[in-house]
Amino acid sequence: MDFYANYTKEVGIHNIDVMAGYGWQHFWAKKSDRRMTLAGDEMFVPTQYESEYYLLSFFGRVNYSIASKYLFTGTLRADASSRFAKDNRWGYFPSAAFAWRTISEGFMQDFDLFSDLKVRLSYGKTGQQDIGSDYPYLPTFIASYDDTRYQFGDTWYTTYRVNGYDPNIRWETTETYNVGIDYGF
């Protein structure tokens with residue numbers, strides 16, 4: 001579910017475009033783990049389990065231009081994932097960009113070589129929360145398979161082992177810088 005609002009205003013040579021939004025996602029799956037022999041017989045008792053996690057987002061963007069020559073963009077995204085512990089749940093991902101449409105400058109009017117010419121630079125940070133299991137910050141246990149049970153006398157006992165976990169796991173982030181020239185002939 002996503003909602004967003006947009007506002008645009010032009011005053012003389014100034015143009016501003018503002019967008020703000022909210023997103024909510026619920027991921028749910030039901031899985032079954034069956035292991036079969038080549039003959040088609042079940043090797044273990046089938047394991048069935050359900051899985052779910054949530055993602056909450058707030059996002060916004062501001063585009064500002066002066067005379068369609070100087071272009072500024074700023075964005076901010078704040079995401080919360082149930083895959084992380086309370087203290088690490090939120091990730092903040094900003095970006096900023098500037099572009100100079102040099103083709104619109106007076107000193108470029110005598111050059112017929114280019115149909116478009118723009119110099120740009122930007123910075124951004126992104127986040128990743130698809131890191132495997134749904135709640136890797138919680139200690140969970142798994143029951144042993146039939147062939148790894150423990151025998152005591154004539155009785156076989158199911159054992160439990162802890163799965164790997166990290167209580168400090170957080171958003172994986174990447175920063176990107178970009179410098180470029182856009183041109184057309």
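Starting from 1, each residue takes its place in the sequence as its number.
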N/O donor-acceptor pair under 3.5 Å between Glu105 side chain and Phe107 backbone: no

Option among Thr75, Leu76, Thr173 that satisfies the side-chain contact (heavy atoms from CB on, under 4.5 Å) test with Phe93: Thr173

Nearest heavy-atom neighbours spanning Ala97 and Ser122: CB-CB, 3.7 Å

Test item: Lys118 and Thr102 side chains (from C-beta on) under 4.5 Å apart, heavy atoms: no

ILVMFWY network linking Phe98 to Val179, side-chain heavy atoms under 4.5 angstrom: no

Distance in Å, Arg120 CZ paired with Thr73 OG1, rounded so as to fall on 0.5 Å steps: 12.0 Å

Heavy-atom side-chain contact between Trp90 and Phe58 under 4.5 Å: yes

Pairwise distance CZ(Arg161) to CD1(Ile142) - rounded to 0.5 angstrom: 5.0 Å

Donor-acceptor contact below 3.5 Å, side chain Arg83 vs main chain Gln129: yes

Whether over 12 other heavy atoms sit under 6.0 Å from Phe114 CZ: yes

Identified side-chain contact (heavy atoms from CB on, under 4.5 Å) counterpart of Asn63 within the set Asn15, Asp17, Val18, Thr8: Asp17

Asp2 and Trp24, any side-chain heavy atoms less than 4.5 Å apart: no

Close side-chain approach of Glu50 to Trp28, heavy-atom, < 4.5 Å: yes

Ring centre gap for Tyr157 and Tyr150 strictly below 6.0 Å: no

Mutual orientation of the aromatic rings belonging to Tyr70 and Trp100 [parallel < 30°, tilted 30-60°, perpendicular > 60°]: parallel

Backbone of Tyr54 reached by a side-chain donor or acceptor of Ser82 within 3.5 Å: yes

Side chain to side chain contact (heavy atoms under 4.5 Å, CB included) evaluation trace for His14 with Ile16: CA-CA 7 Å; His14 302 277; Ile16 190 164; over 6 Å; no

Residue pair Ala85 / Pro167: nearest heavy atoms and the distance that separates them: CB-O, 3.9 Å

Side chain to side chain, Leu56 and Asp79, heavy atoms closer than 4.5 Å: no

Heavy-atom neighbours of Tyr165 OH exceed 12 at 6.0 Å: no

Arg149 side chain to Trp156 backbone, donor-acceptor under 3.5 Å: yes

Minimum side-chain heavy-atom gap Phe185-Leu113 below 4.5 Å: yes

Asn6 side chain reached by Arg61 side chain, heavy atoms, under 4.5 Å: yes

Hydrophobic cluster membership, Trp171 vs Phe27, 4.5 Å side-chain cutoff: yes

Verdict with supporting geometry, Glu52 and His26, side chain to side chain contact (heavy atoms under 4.5 Å, CB included): CA-CA 7 Å; Glu52 74 175 337; His26 176 219; 2.6 Å; yes

Partners passing side-chain contact (heavy atoms from CB on, under 4.5 Å) against Tyr123 (at least two apart in sequence or in another chain): Lys125, Glu175, Tyr177

Separation between NZ of Lys9 and OH of Tyr64, rounded to the nearest 0.5 Å: 14.0 Å

Atom pair OG (Ser133) and CD1 (Ile169), whose distance is rounded to the nearest 0.5 Å: 7.5 Å

Ring centroid separation Tyr4 to Tyr22 under 6.0 Å: no

Nearest heavy-atom neighbours spanning Ser115 and Ile103: O-CG1, 4.2 Å

Salt-bridge criterion met for Arg89 and Asp87 (N-O under 4.0 Å): no

Inter-residue atom distance Phe84.CZ - Tyr53.OH, 0.5 Å rounding: 10.5 Å

Approximate separation, where rounding is to 0.5 Å, of Asp116 CG and Ser104 OG: 8.0 Å

salt_bridge(Asp182, Arg101) N-O dist < 4.0 Å: no

Tyr135 side chain to Thr140 backbone, donor-acceptor under 3.5 Å: no

